[in-house]
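Below: the structure, in structure tokens.
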Amino acid sequence: MNFFWKIIQWLLDKMKIIGAACLVGMMLLTCVDVVGRALGQPIFGSVEIVGYMAILSVVMAMPYTHQVQGHIGVEIIVRLFSEKTQTIIDICTGIISLILFAIVTWRMTVYANTMKASGEVSMTLEFPEHLVIYVTAFCLLIFTLVILRDIINNIRKLKSS
Amino acid sequence: MSPTTIGIIGITVMVLIFFSRMPVAYVMTLIGFIGFSIMISFKGGLNLLSRNIYEVFSSYGLTTIPLFIFMGQLAFNSGISARLYDTAYKFLGSTRGGLAMATVSACTAFGAVCGSSPATAATMATVGLPEMKRYKYADELATGSVASGGGLGMIMPPSVVLIVYGVMTEESIGKLFVAGIIPAIFVTILFIISIYIICRLSPEQGPPGERFSWREKMRSLTGLIDTLAVFGLVMGGLFFGFFTPTEAAAVGAFGVLAVSLIRRQITWQGFVKSLYETLRTSCMVLLLIAGAVVFGKFLAITRIPFNVASWIGGFDLPPFVIMGMIVLVYFLGGCFMDALALIMLTIPIFFPIVMGLGYDPIWFGIIIVMVTEMGVITPPVGINVYVVYGVAESVVGGVPLEAIFKGIIPFLIAVIVGLIILIFVPQIILFLPNLMY
């Protein structure tokens with residue numbers, strides 16, 4: 001099982017790097033496009049490429065953001081409880097999150113299948129958008145597994161306390 | 001059960017789950033999905049999840065968020081803040097309370113390249129607190145000025161909260177940014193006046209610092225040049241319609257990176273840290289927007305926003321009284337919740353009411369940001385206070401939390417005074433955007 005989680009962690013790290021590369025890419029491409037446009041030579045389809053890179057930078061960062069607890073939560077009440085109670089609450093909310101994002105992952109895959117079947121492509125570059133949606137679904141899957149890992153760790157923590 | 005009853009139950013359950021520390025974005029998605037499934041159909045709810053989340057991620061308007069956050073992170077991890085502080089320090093430092101005045105001025109200037117309030121507070125605390133400690137400033141004044149000044153980063157464009165408001169209400173982000181400039185400077189002046197009054201009443205709080213010659217003062221102005229150039233490029237481009245907000249953000253981020261590289265003030269580690277911190281914050285913001293969109297769909301079919309608007313309209317109260325009530329709700333909400341989450345949660349309800357009263361949407365955006373700015377410094381969840389507390393521990397050996405909360409009171413009063421003026425004189429906010437293309 002440890003090997004499985006090591007692969008997930010490896011994937012998470014690599015996804016983070018891809019997300020960062022997309023961020024730099026969208027900045028550079030937009031700047032080159034602005035300069036190109038001023039010189040009468042805009043980059044064909046740059047808006048679409050930047051849009052796709054923006055999606056990738058965000059979805060690739062989902063597992064990482066969850067891992068570093070980067071989301072906003074209201075801590076004011078939970079902080080008053082004992083550590084054990086806090087862990088139990090975290091397990092419960094973790095299970096709810098797991099179910100929610102498992103459903104989101106499943107539906108994103110279904111959505112990608114639908115888009116693939118419809119043969120829809122982007123307006124300028126005629127890029128098959130379902131590929132980006134499949135990548136989004138994959139990132140959601142890793143994100144869901146990271147939530148599962150948190151739940152397992154919290155259960156272990158509860159057992160050892 | 002009527003749609004409104006289901007909506008009220010949904011909102012109540014959501015607020016209860018918030019207190020479990022579950023991320024706000026997840027809770028809004030969950031309640032939106034369940035509520036929509038109950039009211040329309042389970043299949044409809046399932047489709048809502050995938051389509052709406054993907055639509056948020058693929059919205060071109062939102063690509064501006066990671067780029068502006070990146071710009072702020074680069075500014076945070078390079079030496080820009082120290083140079084800004086140095087300029088303000090040389091000009092204001094020799095007067096009583098001058099270091100605190102320099103801090104809030106530098107906060108506003110730093111806010112011109114950074115859209116995050118805690119980042120502004122953290123970076124200015126690192127630079128300003130040791131200096132104020134050296135000149136024996138009272139802990140209250142030193143930390144209060146940094147924590148409150150940090151909030152100015154949120155009003156001074158570029159501001160992440162303003163982008164989110166613009167996207168949610170379909171208002172021009174360019175106009176919102178331009179509208180934020182004068183109020184940010186206005187509040188800075190009010191903060192400076194507050195510091196002046198504090199030091200006039202008890203001079204020991206802020207003894208005068210070192211005096212510099214005019215030659216040195218003028219030379220320090222070079223520290224402002226890069227920030228002014230980047231800010232001028234970004235805001236000028238937006239103001240005259242040369243750039244879209246996404247392009248302005250990309251050019252701004254590239255500009256800050258170029259300045260940092262030329263001045264050799266960003267390390268590889270600093271650059272990588274900026275990237276990962278940008279990814280984390282962007283993902284947090286976009287998932288929050290996705291959650292708000294899913295929840296908003298549910299809210300719309302419950303007709304709660306419409307009913308609340310007509311209910312309040314039925315009271316026949318003067319518009320400024322209703323506006324005052326809305327401001328109070330934001331102020332109280334801001335005490336317990338993050339500004340961004342609060343805005344996303346409440347905009348679908350309050351925006352139609354405010355529009356119904358005939359107020360300007362750009363003006364309302366700035367007012368909302370000002371009110372939520374108070375939330376970042378008020379207990380118990382004043383994030384800037386905790387940021388300054390954390391930084392103070394590492395740079396000046398710690399300051400009691402109570403001292404920081406006590407220190408923010410005069411600044412809080414200044415924001416309230418500013419807010420009242422801006423509510424009754426909307427032209428202060430609308431003057432610049434009305435000049436735009």
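Computed from heavy atoms alone, side chains included, the values below leave out hydrogens, waters and symmetry copies.
Of the atoms belonging to Ile72(A), heavy atoms from both backbone and side chain fall under 4.5 Å from chain B. Interface remark: Val58(A) contributes backbone and side-chain atoms alike to the contact with chain B (heavy atom separation under 4.5 Å). When heavy atoms are compared at a cutoff of 4.5 Å, Thr136(A) approaches chain B solely by way of its side chain, counted from C-beta outward. The part of Val59(A) that comes within reach of chain B is its side chain, from C-beta onward, which places non-hydrogen atoms under 4.5 angstrom from that chain. Contacts of Gln86(A) with chain B are made by both backbone and side-chain atoms, with heavy-atom separations under 4.5 Å. Proximity to chain B involves both the backbone and the side chain of Val78(A), based on heavy atoms less than 4.5 angstrom apart. Neither the backbone nor the side chain of Phe81(A) comes within less than 4.5 Å of any heavy atom in chain B. Neither the backbone nor the side chain of Ile34(B) has a heavy atom closer than 4.5 Å to any heavy atom of chain A. Using a 4.5 Å cut-off between heavy atoms, Phe254(B) touches chain A through backbone and side chain atoms alike. There is no contact between Thr244(B) and chain A, counting heavy-atom distances below 4.5 Å. Proximity to chain A (any heavy atom under 4.5 Å) is restricted, for Leu286(B), to the side chain, taken from C-beta onward. Proximity to chain B (any heavy atom under 4.5 Å) is shown, for Leu29(A), by neither the backbone nor the side chain. Looking at Leu287(B), the atoms closer than 4.5 Å to chain A (heavy atoms on both sides) all sit in the side chain, from C-beta outward.
Heavy-atom contacts from other residues, nucleotides or ligands closer than 6.0 Å to CD of Gln69(A) number 12 or fewer.
Residues meeting the side chain to side chain donor-acceptor pair (under 3.5 Å) test with Thr378(B), sequence neighbours left out: none. Under the rule for a salt bridge (charged side-chain N to carboxylate O under 4.0 Å, His left out), Arg149(A) has no partner lying at least two apart in sequence or in another chain.
Here the CZ-CZ distance, from Phe243(B) to Arg37(A), works out to 8.0 Å after rounding to the nearest 0.5 Å.
At a heavy-atom separation below 4.5 angstrom, chain A is approached by Tyr26(B), Thr29(B), Leu30(B), Phe33(B) within residues 26-33 of chain B. Contacts with chain A (heavy atom to heavy atom, under 4.5 Å) involve these residues of residues 44-55 of chain B, listed by number: Leu46(B), Asn47(B), Leu49(B), Ser50(B), Arg51(B), Ile53(B), Tyr54(B).
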